[in-house]
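Some notes on the structure that comes next.
Ligands are counted one by one from 1 in listed order, and the atoms in each one are counted from 1 as well. All of these numbers come straight from a predicted model, not from anything done at the bench.
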Amino acid sequence: MGSASHVDRVLAAVEAATDELVDFTSDLIRVPTVNPPGDAYEDCARLIGERLAACDFEVEYHAAEGRPEHTAAHPRLNVVGLRRGRALRPAVHLNGHFDVVPAGSGWTLDPFGGIVKDARVYGRGSCDMKAGIAAAVYAAEAIRRAGVELNGSVEISGTVDEESGGFAGVAWLSHHKRLSADRQDFVIIPEPLNVDRICIGHRGVYWFEVTTRGRIGHGSMPFLGVSAIEHMGVILDRIRRELLPVLAARTTAVPVVPDGARHATLNINGIVGGQPVDGIQTPCVADFCRTVFDRRFLLEEGFDATKSEIQQVLERAAAETPQLAYELRDLMIVQPVRTPEGSPLVASLERGIKHVLGRQAQQIASPGTYDHKHVDRIAGIRNCVAYGPGILDLAHQPDEWCGIDDLVNSTKVLAMSILELTRSM
Ligand SMILES: [Zn+2]
């Protein structure tokens with residue numbers, strides 16, 4: 001049997017499964033897996049597990065034992081399915097998170113109705129990323145229905161909590177060696193990044209908190225106290241004048257989209273100081289002020305230089321301002337990741353996109369972080385990308401949707417990639 005006919009039969013099987021693909025996406029949307037707090041995870045894990053079992057996968061469930069967020073009220077349950085081919089390796093693993101962010105306001109239809117209208121599937125999590133999970137399942141299923149036996153194995157996992165860091169999900173599976181370079185060769189995460197774009201990584205994240213400490217005094221005689229808020233103002237002003245222009249001038253060679261995110265950035269998440277402004281006020285000089293920052297750093301910058309640059313700004317502010325006292329505390333550090341140049345995983349998806357969509361794939365990197373980091377840094381699997389159905393800009397928006405054409409096309413691309421990576425075509 002020639003390879004071309006393998007591919008043709010598999011693509012025809014995807015096409016023939018369109019209604020099932022759409023129905024399964026709708027079914028997944030109807031399970032309101034809202035995070036926070038992590039609702040209905042068990043129902044969703046079982047729904048995916050039952051479908052995988054029906055598609056001839058060996059199915060395992062992994063509760064995130066040991067994680068504080070894994071509670072009786074909100075159990076963190078992950079599901080992994082394995083379908084063996086002639087051999088276990090090469091092993092291709094497709095991972096999708098099934099948690100969704102809260103619906104929020106502004107919807108014109110039921111966010112958890114799984115409504116299909118105008119050739120789109122609507123609902124919270126439709127593109128991010130229940131369509132991606134359905135695409136993964138039916139990519140593997142189309143190969144089976146086409147009667148093609150793989151030379152390697154394919155796995156599909158549905159995991160929790162990506163939207164809140166993935167610690168009970170992909171990180172947990174990686175720490176427990178269920179995801180590991182010893183078991184899998186390639187990982188594809190079908191996040192919605194547009195059907196012709198392959199995401200090869202993301203920038204790093206450094207969340208930190210700066211606290212300034214002053215001395216309380218009577219508000220009518222502020223000169224007798226030390227204002228922590230004024231000192232925070234000094235720090236913010238220095239950051240604005242000394243740091244932000246430097247960050248804006250730094251550009252990564254990694255193709256982050258949108259263009260603005262190709263630079264190093266700094267956002268102020270929140271600030272609090274002195275008395276609560278909604279309460280009864282008394283005349284006092286503020287003796288503390290706290291600010292939380294979100295610094296996104298480039299692969300080329302690295303974490304150590306990123307942190308030390310911030311420390312230097314703080315030290316200069318303290319050295320040049322009498323009585324300015326501050327503390328710096330790390331809140332979260334995520335290292336940047338990048339799929340290796342020349343990865344066969346990227347090449348296989350590029351070929352699939354060319355074949356199915358008739359156009360050149362674009363390699364991009366994500367402005368924000370996703371589960372790639374755990375796959376790379378904990379599981380040690382370098383050949384990892386995100387590729388899946390749906391438009392990136394619609395994620396987390398009201399009236400989120402995924403086009404059925406995207407869903408079908410990305411399923412075809414994923415199926416071709418599985419065939420190629422397991423050397424079955
Ligand atoms: Zn997502």
Side-chain angles (χ1 to χ4, degrees), residues 24-25 28-29 31-41 44-45 48 69 76 78-79 93-104 111-112 114 121-137 139 156-174 179 187-195 197-203 205 256-258 261 296 332 334 337 339 349 364-376 384-403 406-407 410-411 414:
F24 187 47
T25 306
L28 290 169
I29 292 166
V31 186
T33 45
V34 176
N35 180 24
D39 286 333
Y41 280 179
C44 199
I48 295 166
E69 62 274 38
R76 265 52 192 172
N78 301 290
V79 58
H93 186 105
L94 297 104
N95 163 262
H97 68 87
F98 58 72
D99 60 316
V100 302
V101 295
F112 300 105
V121 190
Y122 282 89
R124 174 54 81 229
S126 53
C127 78
D128 188 9
M129 57 171 291
K130 287 172 168 173
I133 294 172
V137 172
I156 294 173
S157 60
T159 52
V160 302
D161 285 351
E162 187 277 340
E163 300 289 1
S164 52
F167 302 106
V170 171
W172 193 95
L173 290 177
S174 301
L179 272 173
V187 175
I188 303 172
I189 304 175
E191 287 271 12
L193 291 146
N194 300 9
V195 71
R197 301 202 299 197
I198 303 163
C199 183
I200 55 165
H202 56 69
R203 297 182 299 172
V205 185
V256 185
V257 292
R296 301 295 168 124
M332 181 172 71
V334 175
V337 291
T339 315
L349 289 166
I364 59 154
S366 168
T369 144
Y370 55 101
D371 278 333
H372 189 159
K373 57 185 178 274
H374 302 311
V375 174
D376 182 300
C384 175
V385 298
Y387 169 76
I391 297 167
L392 176 62
D393 302 358
L394 295 175
H396 302 200
Q397 297 263 351
D399 287 349
E400 178 183 341
W401 55 268
C402 180
D406 265 18
L407 187 51
S410 67
T411 303
L414 289 171

Without swapping roles, check the side chain of [X] against the backbone of [Y] for a donor-acceptor pair under 3.5 Å.
X: S174; Y: V170; result: yes
X: R76; Y: G169; result: no
X: D99; Y: E163; result: yes
X: R203; Y: V337; result: no

Answer whether the closest heavy-atom distance between the side chains of W172 and V160 falls below 4.5 Å.
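They are not in contact (no side-chain heavy atoms under 4.5 Å apart), so the answer is no.
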Short of 2.8 Å from the Zn ion (ligand 1), name each protein N/O/S atom, waters not counted.
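Listed by chain and number, the atoms are H97 NE2, D128 OD1, E191 OE1, E191 OE2.
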Assign the ring pair Y370 / H202 to parallel, tilted or perpendicular, where the plane angle (0 to 90°) is split at 30° and 60°.
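Answer is perpendicular, since the angle exceeds 60°.
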